[in-house]
Amino acid sequence: MKFTVYLAGEIHTSWREELIDKAQALDLPLEFVGPMTDHERSDNIGEAVMGTQPSSIAKDEAASQINNLRTELLMKKSDLVIALFGEKYKQWNTAMDASAAISLQKPLILIRPENLHHPLKELSNKANVTVETVNQALKVLTYVFE
């Protein structure tokens with residue numbers, strides 16, 4: 001049995017690569033998908049498809065439509081969502097993706113540092129599992145296959 005895991009969360013650090021490398025080292029039967037991690041590609045996809053937009057707001061809207069479609073398709077095909085809330089970057093997309101996973105009734109592992117407990121308490125309560133580190137999330141995944 002192989003599961004597809006959608007990795008939601010900030011795209012500025014290497015947490016995805018860390019989790020994927022460790023899962024592969026453990027030979028876990030997992031396939032990973034997630035948001036477009038090339039920030040420039042993500043920001044410019046609307047204009048790449050629809051042409052130059054008349055304003056930065058229109059450019060953002062065009063890109064958002066395509067990025068939302070991509071996220072919805074990949075998340076719906078996934079068996080599990082892991083959403084990481086980091087400490088350094090604004091986490092709007094992570095919150096949106098975690099909420100979408102809950103709405104789609106996708107099992108959700110939420111990774112958030114202890115200092116974000118209070119602002120994320122309601123979302124954490126809706127997740128199946130909340131942990132503080134990538135390694136803890138990996139231990140949850142490993143346990144699934146025991």
Side-chain angles (χ1 to χ4, degrees), residues 1-113 115-116 119-120 122-142 144-145:
M1 169 176 26
K2 188 172 190 172
F3 289 131
T4 300
V5 180
Y6 186 93
L7 299 175
E10 57 90 2
I11 64 170
H12 303 287
T13 63
S14 61
W15 75 272
R16 281 181 183 80
E17 292 81 9
E18 177 188 349
L19 193 144
I20 292 168
D21 289 346
K22 289 178 177 180
Q24 289 174 342
L26 291 168
D27 202 27
L28 296 177
L30 301 170
E31 176 182 9
F32 295 95
V33 295
M36 173 55 65
T37 56
D38 179 334
H39 201 160
E40 186 175 332
R41 176 83 170 134
S42 174
D43 283 351
N44 294 318
I45 188 60
E47 289 191 328
V49 172
M50 298 177 221
T52 302
Q53 297 298 300
S55 68
S56 61
I57 291 174
K59 178 183 175 183
D60 283 348
E61 291 295 319
S64 178
Q65 289 176 12
I66 297 167
N67 283 317
N68 282 336
L69 173 67
R70 184 180 190 279
T71 297
E72 183 176 344
L73 287 169
L74 292 175
M75 194 177 288
K76 280 184 176 179
K77 295 285 187 182
S78 297
D79 300 296
L80 170 72
V81 175
I82 297 177
L84 177 128
F85 283 88
E87 296 188 53
K88 185 174 181 184
Y89 299 98
K90 293 179 176 121
Q91 305 293 316
W92 298 302
N93 287 346
T94 308
M96 183 182 74
D97 286 351
S99 296
I102 291 164
S103 294
L104 292 169
Q105 297 181 328
K106 296 291 179 178
L108 173 64
I109 298 174
L110 195 65
I111 305 172
R112 57 110 182 99
N115 68 330
L116 293 180
L120 295 174
E122 284 81 11
L123 190 56
S124 181
N125 189 264
K126 295 283 187 179
N128 294 87
V129 177
T130 298
V131 296
E132 294 181 3
T133 68
V134 167
N135 283 336
Q136 290 172 335
L138 186 63
K139 287 179 182 180
V140 172
L141 290 174
T142 302
V144 168
F145 294 103

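These values consider heavy atoms only, across backbone and side chains, with no hydrogens, waters or symmetry-generated copies.
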State the OG1-CG distance between Thr94 and Asp97, to the nearest 0.5 angstrom.
7.0 Å
Sequence neighbours excluded, the answer for side chain to side chain contact (heavy atoms under 4.5 Å, CB included) partners of Thr130 is Leu110, Arg112, Ser124, Ala127
Non-hydrogen side-chain atoms of Leu80 and Phe3 separated by less than 4.5 Å
no
Restricting to pairs with a member in residues 43-84, which pass ring pair (Phe, Tyr, Trp, His ring centres under 6.0 Å), not counting sequence neighbours?
none
Ring pair (Phe, Tyr, Trp, His ring centres under 6.0 Å) contacts in which one or both residues fall within residues 52-86, not counting sequence neighbours:
none
Where the side chain of Asn67 meets the backbone of Ser42, is there a donor-acceptor pair that is under 3.5 Å apart?
yes
So Leu123 and Ile102, do their side chains get closer than 4.5 Å, heavy atoms only?
yes
Set of salt bridge (Lys or Arg N to Asp or Glu O under 4.0 Å) partners for Glu18, sequence neighbours left out:
Lys22
Under 4.5 Å between any side-chain heavy atoms of Leu104 and Met75, yes or no?
yes
What are the two closest heavy atoms between Pro35 and Gly9, and how far apart are they?
CG-O, 4.4 Å
Shortest non-hydrogen pair, Ile109 vs Ala137, comes out as CG2-CB, 4.1 Å
Measure the shortest side-chain to side-chain distance between Gln136 and Ile111 over non-hydrogen atoms and say whether it is less than 4.5 angstrom.
no
In Å and rounded to the nearest 0.5 Å, what is the CZ to CG distance from Phe32 to Leu19?
5.0 Å
Quick one: list whatever passes side chain to side chain contact (heavy atoms under 4.5 Å, CB included) with Asp43, sequence neighbours left out.
His39
Hey, what do you get for CD1 (Ile45) to CZ (Arg41), rounding to the nearest 0.5 Å?
3.5 Å
Heavy-atom distance under 4.5 Å between the side chains of Ile11 and Asn93, does that happen here?
no
Nearest heavy-atom contact between Val131 and Val129 is CG1-CG1, 3.8 Å
Just how far is it from atom NE2 of His12 to atom OG1 of Thr37, taken to the nearest 0.5 Å?
10.5 Å
Would you be so kind as to tabulate the donor-acceptor pairs closer than 3.5 Å made by side chains of residues 46-55, with sequence neighbours excluded?
| residue | atom | partner | partner atom | Å |
| --- | --- | --- | --- | --- |
| Glu47 | OE2 | Gln53 | N | 2.9 |
| Gln53 | NE2 | Gly51 | O | 2.9 |
| Ser55 | OG | Ile57 | N | 3.4 |
| Ser55 | OG | Ala58 | N | 3.1 |

Look up atom NZ in Lys126 and atom CG in Leu120, then write down how far apart they are to the nearest 0.5 Å.
14.5 Å
Could you give the distance from CG (Leu28) to CG (Leu141), rounded to the nearest 0.5 Å?
6.5 Å
Identify, with sequence neighbours excluded, every residue that meets salt bridge (Lys or Arg N to Asp or Glu O under 4.0 Å) alongside Lys59.
none
Test side chain to side chain contact (heavy atoms under 4.5 Å, CB included) applied to Thr4 - qualifying residues, sequence neighbours left out
Glu31, Val33, Ser78, Asp79
With sequence neighbours excluded, residues passing salt bridge (Lys or Arg N to Asp or Glu O under 4.0 Å) with Lys76
Glu72
Please find the pair of heavy atoms, one from Trp15 and one from Ala8, that lie closest to each other, and give the distance.
CZ2-O, 3.2 Å
Can you name the side chain to side chain contact (heavy atoms under 4.5 Å, CB included) partners of Asn68, sequence neighbours left out?
Ser64, Met96
Hey, is CG on Asp27 packed in by over 12 heavy atoms from elsewhere, all under 6.0 Å?
no
